[in-house]
Amino acid sequence: MGWDMTSNNTDRLEVQVSVGDEAQSAVRLLQQASGLSGNRIKAAMTAGAVWLTRGKSTRRLRRASRKLESGDALHLYYDANVLAEIPPTPELIADVGGYSVWRKPFGLRSQGSKWGDHCTLARAAERLLTPQRPVFTVHRLDRAATGLMIVAHSKPVAAALAERFRDRKIDKRYRALVTGVFTCERLPMRIEQPLDGKAAISEVAHIQVGRNGINTLLELRIETGRKHQIRRHLAGLGHAIVGDRLYGSGVEDGVDLQLVACQIGFECPVNRAPVTYELDSAYWPVPD
């Protein structure tokens, strides 16, 4: 057995353990290598922060009772701040069997990292759905945003949905509350501003200026799905989304990002018919 450890402090460390011939549990090996308690190691496993490499495959290790083999490698990515996060609970909108549709709340992650996945929609769906089933992430929504997300429950359905997203056969509509009075000569207004060297197209379909002229509610659809696309496009026009701490002015301290994925439409890969899911207007931002 051998191990490597990288650490700046006891709250965040990376540990790799090579498994030898001696029969020891994963928890025991990681305890010896990290100095953490068994309970902390088990909690990290449950949260998705422990990985097992066997041959060419590396996957999260969640069961402390998993038997190890000589030549295996264990990886622990321990971050006390990440593991201390308490995930908000998503709302189930529809369960079609092969996939389900959820309202992701502010702060819930679309996908995990090597440091854990317990604060993701996928893990929440695994926990909340009846009957329980596998979960496959097919698209993302900013952690700071809220709104509709789809997760698949079989590899064929995941592949079919991923293909629809890739081929731009998913109609995605958003509501965004932006700073100032947003005006344009004609609707719809297309924003064709490349991002990170790739084409990025957003379309403003509706405008509702607040009575006090402080901000404007926009309805948008996107043809591409670049990182932070809507946020970056609107900030580039001088109308950052209210609550955007990354691309805005930061003056609305404590306000959630006022970006909602309110509608999604596509051909259902289960029933082979067009479907549309929409959030009630009660979930939309309200202009001032």
Side-chain angles (χ1 to χ4, degrees), residues 90-91 93 101-108 110 139-150 164-165 167-196 198-266 274-288:
E91 176 187 355
I93 302 299
V101 183
W102 300 79
R103 183 184 68 83
K104 185 192 83 67
F106 296 108
L108 188 64
S110 297
H139 69 122
R140 291 177 288 181
L141 183 63
D142 290 352
R143 179 190 179 192
T146 183
L148 294 173
M149 280 194 66
I150 310 166
R164 285 161 172 72
F165 276 102
D167 295 342
R168 304 180 186 180
K169 294 182 178 179
I170 303 274
D171 182 32
K172 297 172 286 185
R173 297 179 184 268
Y174 300 78
R175 292 293 194 284
L177 187 66
V178 302
T179 56
V181 176
F182 189 103
T183 59
C184 67
E185 294 181 358
R186 185 176 61 182
L187 292 175
M189 171 188 175
R190 287 174 65 84
I191 306 170
E192 301 185 34
Q193 177 62 47
L195 298 173
D196 303 322
K198 297 180 180 180
I201 303 172
S202 304
E203 184 178 275
V204 179
H206 179 74
I207 296 175
Q208 179 186 345
V209 179
R211 290 180 299 176
N212 297 323
I214 298 174
N215 45 46
T216 307
L217 179 64
L218 304 179
E219 177 189 317
L220 305 103
R221 60 181 297 274
I222 59 174
E223 294 185 14
T224 53
R226 309 305 176 202
K227 184 176 181 180
H228 298 168
Q229 177 175 315
I230 291 176
R231 298 166 66 178
R232 294 166 73 180
H233 272 172
L234 293 175
L237 294 176
H239 295 278
I241 298 176
V242 173
D244 194 335
R245 297 172 180 79
L246 188 58
Y247 301 103
S249 64
V251 296
E252 312 94 4
D253 190 34
V255 176
D256 289 323
L257 179 72
Q258 297 301 290
L259 175 63
V260 180
C262 62
Q263 182 177 311
I264 191 164
F266 52 95
V275 292
T276 299
Y277 299 96
E278 185 173 5
L279 284 181
D280 186 270
S281 59
Y283 293 105
W284 301 356
V286 179
D288 295 322

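Numbering of residues begins at 1 and proceeds along the displayed sequence.
A 4.5 Å side-chain heavy-atom check between Arg226 and Lys198 finds at least one atom pair inside the cut-off. Within the 4.5 Å cutoff, the side chain of His139 has no heavy atoms near those of the Leu141 side chain. Looking at Ile264 and Thr276, their side chains never come closer than 4.5 Å, going by heavy atoms from C-beta outward. Between Glu219 and Arg173 there is a side-chain heavy-atom pair separated by less than 4.5 Å. Looking at Ile230 and Ile241, their side chains come closer than 4.5 Å, going by heavy atoms from C-beta outward. Leu177 is listed as a side-chain neighbour of Pro287, based on a closest heavy-atom distance under 4.5 Å. Side-chain contact between Pro285 and Val260 is present, with heavy atoms from C-beta onward closer than 4.5 Å. Side-chain contact between Cys184 and Ile207: present, with at least one pair of heavy atoms (C-beta onward) separated by less than 4.5 Å.
Within the model, atoms CD of Gln258 and CG of Leu217 stand 9.5 Å from one another, a figure rounded to the nearest 0.5 Å. Atom CG of residue Leu148 and atom CZ of residue Arg103 lie 9.5 Å apart, to the nearest 0.5 angstrom. Between the CD atom of Gln193 and the CG atom of Leu195 there is a distance of 6.5 Å, given to the nearest 0.5 Å. Taking CD1 of Ile222 as the reference point, atom CD1 of Ile170 lies at 11.0 Å (rounded to 0.5 Å). Between atom CG of residue Leu220 and atom NE2 of residue His206 there is a gap of 11.0 Å, rounded to the nearest 0.5 Å. In this structure, CG on Leu237 lies 13.5 Å from CZ on Arg232, to the nearest 0.5 angstrom.
Among the candidates Tyr277, Trp102, Phe266, the single residue satisfying the side-chain contact (heavy atoms from CB on, under 4.5 Å) test with Ile150 is Phe266. Between Gln229 and the choices Thr224, Asp142, Asp196, the side-chain hydrogen bond (donor to acceptor under 3.5 Å, both in side chains) rule is met once, by Thr224.
Within 6.0 Å of the CZ atom in Arg140, the count of heavy atoms belonging to other residues, nucleotides or ligands does not exceed 12.
Checked by atom type, the side-chain pair Ser202/His233 shows a donor-acceptor distance below 3.5 Å. Side chains of Asn215 and Asp288: a donor-acceptor N/O pair is present below 3.5 angstrom, by distance only. With hydrogens and angles left out, the side-chain atoms of Glu278 and Tyr283 include no donor and acceptor closer than 3.5 Å.
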Intermediate values then yes/no, side chain to side chain contact (heavy atoms under 4.5 Å, CB included), Phe182 and Val209 = CA-CA 7 Å; Phe182 189 103; Val209 179; over 6 Å; no
List the steps and the verdict of side chain to side chain contact (heavy atoms under 4.5 Å, CB included) for Glu203 and Ile191.
-> CA-CA 6 Å; Glu203 184 178 275; Ile191 306 170; over 6 Å; no
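Nearest heavy atom pair, residue Gly248 against residue Ala240, reads CA-CB, 3.6 Å. Nearest heavy atoms, Val181 versus Gly213: CG2-O, 3.5 Å. Across all non-hydrogen atoms, the minimal contact from Thr146 to Pro105 is OG1-CA, 3.7 Å. Here the closest non-hydrogen pair linking Ala144 and Leu257 is O-CB, 3.4 Å.
Of the possible donor and acceptor atoms, one in the side chain of Asp280 sits under 3.5 Å from a partner among the backbone N and O of Ala282. Judged by distance alone, the side chain of Thr179 and the main-chain N or O of His239 form no donor-acceptor pair under 3.5 Å. For Lys104 (side chain) and Arg143 (main-chain N/O), a donor-acceptor pair under 3.5 Å exists by modelled atom type.
Under the side chain to side chain donor-acceptor pair (under 3.5 Å) criterion, His228 pairs with Tyr247, not counting sequence neighbours.
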